[in-house]
Amino acid sequence: MFGELGRAIGDVMGAHGPAVDVAKSFAPSDYSIHFFLQIAVILLVCRIVGWAANRFFGQPQVVGEMIAGVILGPSLFGLFFPDFQATLFPKETRNVLYVGAQFGVGLYMFLVGTTLRLDHFQSKAKSAVGVSAAGIAAPFLFAALITPFLLDIPGLFTDGLGQGPATLFMGACIALTAFPMLARIINERGLANTSLGTLSLTAGAFDDAVSWCVLAVVLATFGAGPGIALLAIVGGLSFALFMYFVGRKLLVPLGRIVEAQGEMSHGILAVILMLYAMSAFFMDAVGIHAVFGGFLLGVCMPRGLLTEEIKKKIEPMTVVFLLPMFFTYSGLNTQLTTVNSLMLLAVALGILLVSIAAKFGACWLAARLAGEDNRTAMGIGALMNARGLMELIIINIGLQKGIIGPTLFAMMVLMAIVTTVMAGPLFEIVYGRKARESGELGALGTETDGDAAREPLVAKPV
């Protein structure tokens, strides 16, 4: 009896569908069983690692969650408990995690868009344009210098990839700013309603949009066809212009209805979620990314009670439940053990140093030339240097499309983690401490106590 019970328990995590190519396939109930257990483990590990990162290292919860994703992947969990890790996260279930991850990232960027202060951007337009241009030009210049060397190392890029596409891909990776991560760091450090925070967000958004367009060009040259690149650039630009000039006016009645009712009804919430899904679909369909569709919709939302209600009803579930799925999905694709020699470690360190110089240094210099004081320029450089979430997205695409190999993927994950981890402490050193001493910013940790899920993304008016 006990033997039968043991076999039944062991069979719970197995496949129960019909045989396909000899092995059994997953039945619908198998996906749900795995999904529920995966979510429980993901939330537990993310909360523990996020708490530890905040408690002992002063890092935002989101940085701990990014590290937790790597911990749950083959680099640590799979290294010491390979059978258990493979049973908990079988390849057949990863598409389910992927969909949840993309939905959560896009929804979070929708929330971020509702915090953007266009008046701050307009007052800092010169600085934003300068920082954006420098944050694009310098990374591609540095990429042109290092890519020929990287192509000579077997396993980093796919065989037969030309120097041009490889340079463009590396440039796009280095030019990226961790847009969602940046937004969460800005919120947690009390910058969401400041000109510095808005300038950094705006410059980061533009840099990321350019990087995605460049990625579309790389995919086109890699065999997807020139129509893919043209669709991405024209479609993305057209949607952005439509939302800014037309979409904002069409959304005004939603704000009026909520103001008249005094709260957001379930019907209005359903309409907003439908609009988000359509915006994310369009940007995904043209080849940019769903996150930009969500962000543009958020930017165009009428400010006031509507955006307050959106944050109150959507943010907790998005931050606590959905975002950790993305970090875990990326972690499952990260195999740090492939960087297994002194030469590869040196290459990884070189990529890290080049990425910091190209982003932090260039954005600092551009901000100074635009008239910002040195402290503000250093703060902008520190924030723009974070790669995090968007880096993970683009290198996942590169790995899936066969542009890069697992070794370069692992190197880029390390770069993303290090530049994101250093963003907060570096910002405090160059800007935050003096700003808090002078009263420009509140005490560190008073905004959300290290966890953006506890309060709305928007900061209190200054």
Side-chain angles (χ1 to χ4, degrees), residues 102-122 124-125 128-129 132 135-136 175-184 186-187 192 197-216 231-255 268-269 271-304 306-307 309-311 314-315 318 322-323 326 389-390 393-394 456-458:
Q102 301 311 304
F103 179 76
V105 170
L107 198 57
Y108 183 76
M109 289 312 302
F110 167 63
L111 293 169
V112 170
T114 64
T115 70
L116 189 66
R117 289 283 302 271
L118 294 178
D119 56 336
H120 281 164
F121 170 59
Q122 291 166 358
K124 294 287 185 178
V129 171
S132 296
I136 295 169
L176 277 173
T177 293
F179 195 24
M181 193 83 70
L182 174 62
R184 199 163 173 185
I186 283 175
N187 173 69
T198 301
L199 189 156
S200 299
L201 270 179
T202 306
F206 185 74
D207 286 1
D208 285 3
V210 172
S211 293
W212 284 110
C213 290
V214 170
L215 177 62
L231 178 64
I233 296 171
V234 175
L237 182 60
S238 299
F239 183 73
L241 292 175
F242 171 81
M243 289 300 297
Y244 185 79
F245 291 106
V246 180
R248 288 195 300 168
K249 298 178 181 178
L250 296 178
L251 294 170
V252 169
L254 290 177
I268 296 297
L269 177 60
V271 170
I272 289 172
L273 290 175
M274 179 192 69
L275 292 174
Y276 157 70
M278 290 304 299
S279 298
F281 160 77
F282 186 84
M283 292 300 273
D284 229 355
V286 300
I288 302 295
H289 198 276
V291 296
F292 290 103
F295 177 72
L296 286 171
L297 179 64
V299 169
C300 296
M301 276 289 162
R303 299 303 189 260
L306 174 62
T307 51
E309 287 287 297
I310 286 173
K311 296 179 184 70
I314 296 178
E315 183 186 356
T318 301
L322 295 173
L323 275 184
F326 176 80
L389 194 61
M390 300 307 290
I393 293 173
I394 198 170
L457 279 167
V458 68

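The first residue in the sequence is number 1, and the count goes up from there.
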Below 30° counts as parallel, above 60° as perpendicular, anything between as tilted: where do the rings of Y276 and F103 land?
perpendicular

With a 4.5 Å limit on heavy-atom distance, are the side chains of L297 and L251 in contact?
yes

Are any of the side-chain heavy atoms of L306 and T114 separated by less than 4.5 Å?
no

Taking the side chain as C-beta and beyond, is there a heavy-atom pair between L323 and L107 under 4.5 Å?
no

Min side-chain heavy-atom separation L296-Y244 under 4.5 Å
no

Could you check if a side-chain atom of M109 sits within less than 4.5 angstrom of a side-chain atom of F292, using non-hydrogen atoms only?
no

Looking at I314, is its backbone amide N or carbonyl O close enough to the side chain of T318 to form a donor-acceptor pair, meaning the two atoms are under 3.5 Å apart?
yes

Is the closest side-chain heavy-atom distance between F110 and M301 below 4.5 Å?
yes

Taken to the nearest 0.5 Å, the spacing of L254 CG from I310 CD1 works out to 8.5 Å

Beyond-backbone contact of I136 with V214, side-chain heavy atoms, under 4.5 angstrom:
no

Of all heavy-atom pairs between V252 and R248, which one has the smallest distance, and what is that distance?
CG2-O, 3.3 Å

Side-chain heavy atoms of F295 within contact of S279, under 4.5 Å:
no

What do the steps show when you test D207 against L176 for side-chain contact (heavy atoms from CB on, under 4.5 Å), and what is the final call?
CA-CA 6 Å; D207 286 1; L176 277 173; over 6 Å; no

